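For clarity, every value in this text was computed on a predicted model and none was experimentally measured. Just so you know, residue 1 is the first one in the sequence shown, and it goes up from there. As the structure lists them, so they are numbered: ligands from 1, and atoms in each ligand from 1.
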Amino acid sequence: MILPGATLGVLGGGQLGRMFALAARNLGYRVMVLDPDPASPAGAVADIHLQADYTDAQALARLGAECAAITTEWESVPATTLEELATHCPVRPSAASVAVARDRIIEKTFLRDLGLATAPFFVITQAADLDAAIAGLRMPALLKTATLGYDGKGQIGVTTLDEARAGFAQLGNRHCVLEEKVSLAQELSVLLARASDGETAFYPIGENIHRHGILHTTRVPGQVPAAVSELALGMSRRVAEALDYIGVLAVEFFFTTDGELLINEMAPRPHNSGHYTLDACVTSQFEQQVRALCGLPLGSTRLLSPVTMLNLLGDLWGDSQPDWLRIFSHPEAKLHLYGKREARIGRKMGHINVLSDNADACFELANSLHDTLINKH
Ligand code: AMP
């Protein structure tokens with residue numbers, strides 16, 4: 001067990017690292033963040049910010065020497081970095097778990113091998129693979145790069161072989177999956193934490209709405225049929241057990257209009273759709289990650305209140321900051337900003353959690369607060 005006072009390492013300095021660092025410091029740990037960006041959101045709240053590349057030998061040596069345990073907020077951290085650090089101290093989730101989630105080809109193949117449903121897909125490593133894929137899938141389809149795609153980035157919709165060829169070239173002929181675009185009734189996410197002894201705690205399932213491929217809201221409790229929830233929890237448990245996973249894991253699902261439950265992807269870390277836990281659960285997903293990393297007992301995942309989380313994207317900024325008084329003036333709206341200096345279209349700058357004793361009221365208020373921020377001028 002790693003107790004308060006010890007130093008915890010975080011690879012990646014974005015908002016997930018920031019909220020992890022805040023949770024860890026709140027529990028009395030020291031936090032060392034590795035991120036080359038001098039303006040990184042997590043670096044700003046860490047005890048120590050190592051401004052170096054993820055493969056920098058000196059920085060890795062310091063992390064390995066000073067940290068009692070290390071986690072990552074970013075699955076694209078090089079595998080060699082995780083493996084090297086694991087020779088010094090526990091790294092959770094493990095390099096092997098991160099490797100599965102890092103690459104859509106490995107991830108989807110892993111799920112298929114476990115017998116867990118995904119959208120039908122083909123692996124594309126060269127343009128010639130597209131012929132069989134287009135012939136074998138219902139159109140429309142999505143071409144997605146195997147690595148480094150997120151928030152709809154690295155994705156192109158296609159309906160014909162010619163479009164698929166053009167899309168593959170546009171994505172730089174990188175390894176891809178071509179997957180069927182399924183008809184969505186709902187998007188859900190299961191958030192769980194698994195301790196080193198296999199104890200697993202599930203958070204209440206969130207119902208997600210995406211806009212332009214980016215998460216917009218997570219509503220909890222979601223309007224999810226009980227049988228679908230049960231199935232989603234069972235599928236997620238199988239994923240966590242197959243990986244012998246330690247830490248917080250998010251599994252994103254599609255529930256189709258045909259009544260099928262498919263796994264879209266998983267994130268080996270706290271997830272945007274779990275930000276509601278910061279204000280609405282006994283233990284936030286970030287505290288839970290600290291607990292799992294340190295070998296502490298897991299905290300309660302109990303929901304204290306219905307909640308809607310809504311993302312605040314850079315689109316809301318314009319020439320000046322949004323008018324935050326419009327959020328502050330609602331006593332049950334909780335504002336979280338990540339301290340990013342530059343607002344860009346589609347960039348996640350913060351989120352709000354809106355609490356109420358009624359899930360519909362949370363959802364409506366969150367969306368209306370968003371509208372008032374848009375209409376600030
Ligand atoms: P991803 O980056 O793969 O999570 O995709 C971002 C969002 O795009 C998802 O949350 C869905 O809203 C949508 N999307 C991605 N893949 C599919 C698919 N195969 N069928 C339908 N919608 C999809």
Side-chain angles (χ1 to χ4, degrees), residues 14 16 74-76 100-112 116-124 130 133-134 136-159 163-164 167-168 170-171 174-191 205-220 222-224 228 232 235-236 239 249-276 309-311 313 315 345-348 351:
L16 299 175
W74 189 49
E75 50 269 36
S76 297
V100 172
R102 179 189 292 121
D103 183 314
R104 287 188 199 273
I105 296 175
I106 299 171
E107 179 179 54
K108 285 186 182 288
T109 309
F110 162 82
L111 295 169
R112 181 156 66 189
L116 298 174
T118 64
F121 72 95
F122 280 73
V123 172
I124 311 294
L130 290 167
I134 292 287
L137 293 173
R138 271 190 301 189
M139 295 296 114
L142 288 167
L143 192 60
K144 300 182 176 179
T145 55
T147 56
L148 293 171
Y150 66 98
D151 288 346
K153 294 196 176 90
Q155 296 190 15
I156 294 178
V158 302
T159 48
E163 281 176 14
F168 187 61
Q170 199 182 323
L171 293 172
R174 289 162 56 198
H175 288 189
C176 284
V177 294
L178 185 70
E179 69 180 45
E180 223 166 270
K181 184 161 192 211
V182 297
S183 166
L184 297 174
Q186 277 182 327
E187 293 193 64
L188 316 172
S189 43
V190 171
L191 184 70
I205 292 184
E207 180 184 352
N208 299 326
I209 294 178
H210 289 78
R211 287 190 181 170
H212 312 297
I214 303 177
L215 184 64
H216 179 55
T217 52
T218 300
R219 174 191 167 120
V220 186
Q223 299 155 298
V224 187
V228 175
M235 289 166 78
S236 304
V239 169
L249 173 74
V251 185
E252 291 184 71
F253 287 86
F254 295 149
F255 183 49
T256 72
T257 50
D258 297 336
E260 276 187 301
L261 187 64
L262 311 174
I263 297 184
N264 172 28
E265 60 182 1
M266 55 212 191
R269 51 175 168 74
H271 189 252
N272 192 170
S273 65
H275 290 354
Y276 77 87
M309 186 286 309
L310 182 144
N311 269 336
L313 302 185
D315 314 41
I345 300 292
R347 189 176 200 203
K348 291 174 180 169
H351 67 270

Check your understanding: Which bit of Leu215 is near ligand 1, meaning a heavy atom under 4.0 Å away: side chain, backbone, both or neither?
Key -> neither

Point to revise | Electrostatic pair Lys108-Glu179, nearest N-O below 4.0 angstrom | key: yes

Check your understanding: Just checking, any donor-acceptor pair under 3.5 angstrom between side chains of Asn208 and Thr218?
Key -> yes

**Study point:** Point-to-point distance, once rounded to the nearest 0.5 Å, from NZ of Lys144 to CD1 of Ile156
**Key:** 13.0 Å

Check your understanding: Are side-chain heavy atoms of Leu148 and Arg174 found at a separation under 4.5 Å?
Key -> yes

Review point. Name the one of Ile263, Leu262, Val100, Ile106 that satisfies side chain to side chain contact (heavy atoms under 4.5 Å, CB included) with Leu111?
Key: Ile263

Revision key, fill the gap. Rounded to the nearest 0.5 Å, the CD1 atom of Ile134 sits from the CD1 atom of Ile124 at a distance of 7.5 Å

Point to revise | Heavy-atom nearest option to atom 12 (O) of ligand 1, drawn from Glu179, Glu187, Glu265 | key: Glu187

Exercise for review: Would you check whether Glu252 has a nitrogen or oxygen atom less than 3.5 angstrom from a nitrogen or oxygen atom of ligand 1?
Suggested key: no

Check your understanding: Against heavy atoms of Glu180, which atoms of ligand 1 measure under 4.0 Å?
Key -> 18 (C), 19 (N), 20 (N)

Point to revise | Numbered atoms and elements of ligand 1 in range of Arg104, under 4.0 angstrom, heavy atoms | key: 2 (O), 3 (O)

Review point. Nearest to atom 15 (C) of ligand 1, what protein heavy atom do you find, and at what distance?
Key: Lys144 NZ, 3.3 Å

Review point. What is the closest protein heavy atom to atom 14 (N) of ligand 1, and at what distance does it sit?
Key: Phe254 CZ, 3.8 Å

Practice item. Would you mind checking which non-hydrogen protein atom is closest to atom 6 (C) of ligand 1, with the distance to 0.1 Å? Key: Gly213 O, 3.6 Å

**Study point:** Side-chain donor or acceptor of Asn311 paired with backbone N/O of Leu215 under 3.5 Å
**Key:** yes

Check your understanding: N/O to N/O below 3.5 Å, does that happen between Leu184 and ligand 1?
Key -> no

Point to revise | Numbering as shown, the atoms of ligand 1 that approach Gln155 to under 4.0 Å (heavy-atom distance) | key: 1 (P), 2 (O), 3 (O), 5 (O)

Check your understanding: In the protein, what heavy atom is nearest to atom 21 (C) of ligand 1, and what distance, to one decimal place, separates them?
Key -> Val182 O, 3.4 Å

**Study point:** Any donor-acceptor N/O pair, Gln186 side chain to Phe255 backbone, under 3.5 Å
**Key:** no

Check your understanding: His210 heavy atoms, cut-off 4.0 Å: which ligand 1 atoms fall inside?
Key -> 10 (O), 12 (O)

